[in-house]
Amino acid sequence: MKRVSSLFLVSLLSGTMTLGAYKLFIEKDLNGNSIVTQAPNSYNKTVGLGAENIDFTSAAENAVHTVVHVKNVSTRTVYNPIMEFFYGSRGGGQQQEQIGTGSGVIISEDGYIVTNNHVIKDAKELEVTLNNNKVYKARLIGTDSKMDIALLKIDADKKLQYSTFADSDQVKVGEWVLAVGNPYNLTSTVTAGIVSAKARNLDTKGIQSFIQTDAAVNPGNSGGALVNTRGELIGINTMISSQTGSYVGYSFAVPSNITRKIIEDIMEFGNVQRGILGVEGGELTGNASKELGIKDSEGFYINKVNKNSGAEKAGLKKGDIIKKLDNQKISTFSELSGFINTKRPNDKINVTFTRDGETKVVPVILTKNDIVNTDFKGLELENISASDKKNFRIDYGVKIKEVTNERLQPYKDELEGSVILNIDGEKAIDIETVSRIIESKDENQGTSVQLMTKNGQVMRIII
């Protein structure tokens, strides 16, 4: 009986501390360019308890009221194959309505909702259904297709219950989590699991720092909440790894820190502000270290420093091994890119690295990705500007700034100012993407490059 009384007293005190901490949450209004509420970093964790000893009910109760069902109404043109076969023409085609569904998370009492970009892509009309079955029309505020995040807004008739953002950097592997969403149009579905891995790189050409969990996630869960046992948001469920299209063991979420930064950028600037460190390379492993002839087997090895980047200005060089960014340990590219994706241009970070066995720390000011250059087989490349996108009528690509390859000098006037669209069939989305493509290529082998010339002609060359 005494033991039961002690447990009750501890539970009561924990609940009081949690309620007190909740009152200390920091929430800026729209004039402060932030619509999200962040949980305090100091909280008590339940350690060493199995699932049977953890009460998920409170977290589930909080989360289900903040997760919504998102309906996407779009149209597509359906052509008549018989007309095309007999007359060699598709004709005008017939407009057909399509309906897609997913989930979203309410992040403010006045109706801002975060979801996945792929949930609302090509939407002609968006509809949101709350957990209490109330239905609202939603409008799109902004998107980030690279990170697969979108921000919606509904005008509700009362203040809404919303989700509080936790610090995803503090999430631990093995920590219990809940996935909340609307799989197969089944509203308010909650599944439990643990964090299986952090900073998972799935080579999606965009997000490089997923939270991996074994909580069951199925079609319709996209855009839903991944929450900790206190019901705080640690990620937005995005995808599953499956050959069948249904859950088979692992699912992935965009970390809350990256999500929060994207949302704040959209609200303040109208688009996402990306800061670039300006280094190319890869993570060290036993085999990589052996090939490079170095003893160190952990960290991010710098193989190249981009021109005009903050890394170049700070004095980082090829051969340096990055160990930490600020206070976060860096062992993989996923960890490096995940940290940088939470920062903006002109943010200053402290880079801890080793050079010739000596540990150094330098401050680096992140640069905007459109002023960073890279070199590819004698072609100096830069990201295309908004005006380039408009002039070329494209939404991706890298521009050839200068030709230094002697073999290509006869074509210099034609190549400079042209835009590379893909390299060996892979989309050249931006400098960061091209850098990853280059890393995987053999410099001595020919590379097929598709580009658009200054007069709008699309051509292919081998370099």
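Note that the coordinates shown come from a computational prediction; the quantities given were computed from them, not determined experimentally.
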### Task
Say whether, by atom type as modelled, one donor and one acceptor occur between the side chain of D265 and the main chain of N271 under 3.5 angstrom.
no
### Task
Using modelled atom types only, decide if a donor and an acceptor are shared between the side chain of S163 and the backbone of A63 within a distance under 3.5 Å.
no
### Task
Evaluate the side-chain proximity of L277 to I349: yes if any heavy-atom separation is below 4.5 Å, no if none is.
yes
### Message
For a quick test of reading the model, state the closest non-hydrogen atom pair linking K153 to D155 and the distance between them.
### Response
NZ-OD1, 3.1 Å
### Message
Given 3.5 Å as the limit, does a donor-acceptor pair link the side chain of K323 with the main chain of E298, or not?
### Response
yes
### Message
Would you say D167 and N257 are linked by a side-chain donor-acceptor pair, where the criterion is simply a distance under 3.5 Å?
### Response
yes
### side-chain contact (heavy atoms from CB on, under 4.5 Å) partner of I107, the single match among T66, I113, V114
V114
### P255 to S168 - nearest heavy-atom pair and separation
CB-OG, 3.5 Å
### Message
The criterion is side chain to side chain contact (heavy atoms under 4.5 Å, CB included); which residues satisfy it with I461, sequence neighbours excluded?
### Response
L415, V449, L451, M459, I463
### Query
When rounded to the nearest 0.5 angstrom, what is the spacing between CD in E264 and OG1 in T342?
11.0 Å
### Message
Taking N218's backbone N and O only, do any of them form a donor-acceptor pair with N221's side chain (distance below 3.5 Å, no angle check)?
### Response
yes
### Message
So for atom CD, which belongs to E414, do other residues, nucleotides or ligands contribute more than 12 heavy atoms lying within a distance under 6.0 Å?
### Response
no
#### Entry: Distance-only side-chain donor-acceptor flag, D110 / S108, under 3.5 Å
yes
### Query
Quick check: does any side chain N or O of S309 sit under 3.5 Å from a backbone N or O of V305, one acting as donor and the other as acceptor?
no
### Message
Restricting to side chain to side chain contact (heavy atoms under 4.5 Å, CB included), what partner residues turn up for T404, sequence neighbours left out?
### Response
D375, E402
### Task
Go through the structure and list residues passing side chain to side chain contact (heavy atoms under 4.5 Å, CB included) with I394, not counting sequence neighbours.
I384, F392, V419, L421, M452
## Note on the structure
The complete set of side chain to side chain donor-acceptor pair (under 3.5 Å) pairs with one or both residues in residues 387-397, sequence neighbours excluded, reads S385-S387, S385-D388, D388-K399
### Query
Could you state the interatomic distance from CD (E312) to OG1 (T367), rounded to the nearest 0.5 Å?
10.0 Å
### Query
Given side chains that start at C-beta, do those of M147 and R274 come closer than 4.5 Å, heavy atoms only?
yes
### Message
Looking at D144 and K261, is there a salt bridge between them, counting it only when a charged N and a carboxylate O are closer than 4.0 Å?
### Response
no
### Message
Less than 4.5 Å apart, side chain to side chain, heavy atoms only: is that true for V279 and F300?
### Response
yes
### Query
Which value, rounded to the nearest 0.5 Å, describes the distance between I322 atom CD1 and I302 atom CD1?
4.0 Å
### Query
In Å, rounded to the nearest 0.5 Å, how long is the span from CG of L160 to OH of Y112?
12.5 Å
### Message
On a heavy-atom basis, which atom in V70 and which in G104 lie closest, and how many Å separate them?
### Response
CG2-N, 3.9 Å
### Query
What distance separates S297 OG from L292 CG, expressed to the nearest 0.5 Å?
12.0 Å
#### Entry: Heavy-atom donor-acceptor pair, N237 side chain to A225 backbone, under 3.5 Å
yes
### Query
Does the T213 side chain pair with the main chain of I194, one donor and one acceptor, at a distance under 3.5 Å?
yes
### Query
Which residue pairs satisfy the side chain to side chain donor-acceptor pair (under 3.5 Å) criterion with at least one member in residues 448-463, sequence neighbours excluded?
N422-Q450, S448-R460, T453-N455
### Message
Ignoring hydrogens, what is the shortest heavy-atom contact between T229 and A59? Give both atom names and the distance.
### Response
O-CB, 3.4 Å
### Query
Judged by atom type as modelled, is there a donor-acceptor pair below 3.5 Å linking the side chain of N116 to the main-chain atoms of D148?
yes
### Message
For N182 and T101: C-alpha separation, side-chain torsions, deciding distance, then whether side chain to side chain contact (heavy atoms under 4.5 Å, CB included) applies.
### Response
CA-CA 9 Å; N182 302 279; T101 60; over 6 Å; no
### Query
Regarding N117 and S145, is there a side-chain donor-to-acceptor distance under 3.5 Å anywhere?
no
### Query
About how many Å separate OG1 of T359 and CZ of F353, when rounded to the nearest 0.5 Å?
9.5 Å
#### Entry: Contact check, side chains of T143 and L151, non-hydrogen atoms, under 4.5 Å
no
### Task
Using modelled atom types only, decide if a donor and an acceptor are shared between the side chain of N306 and the backbone of E280 within a distance under 3.5 Å.
no
### Query
Within the distance-only criterion (no hydrogens, no angle test), does the side chain of K324 pair as donor or acceptor with the backbone N or O of N350 below 3.5 angstrom?
no
### Query
Any salt bridge (Lys or Arg N to Asp or Glu O under 4.0 Å) pairs touching residues 354-366, not counting sequence neighbours?
D320-R355, E358-K360
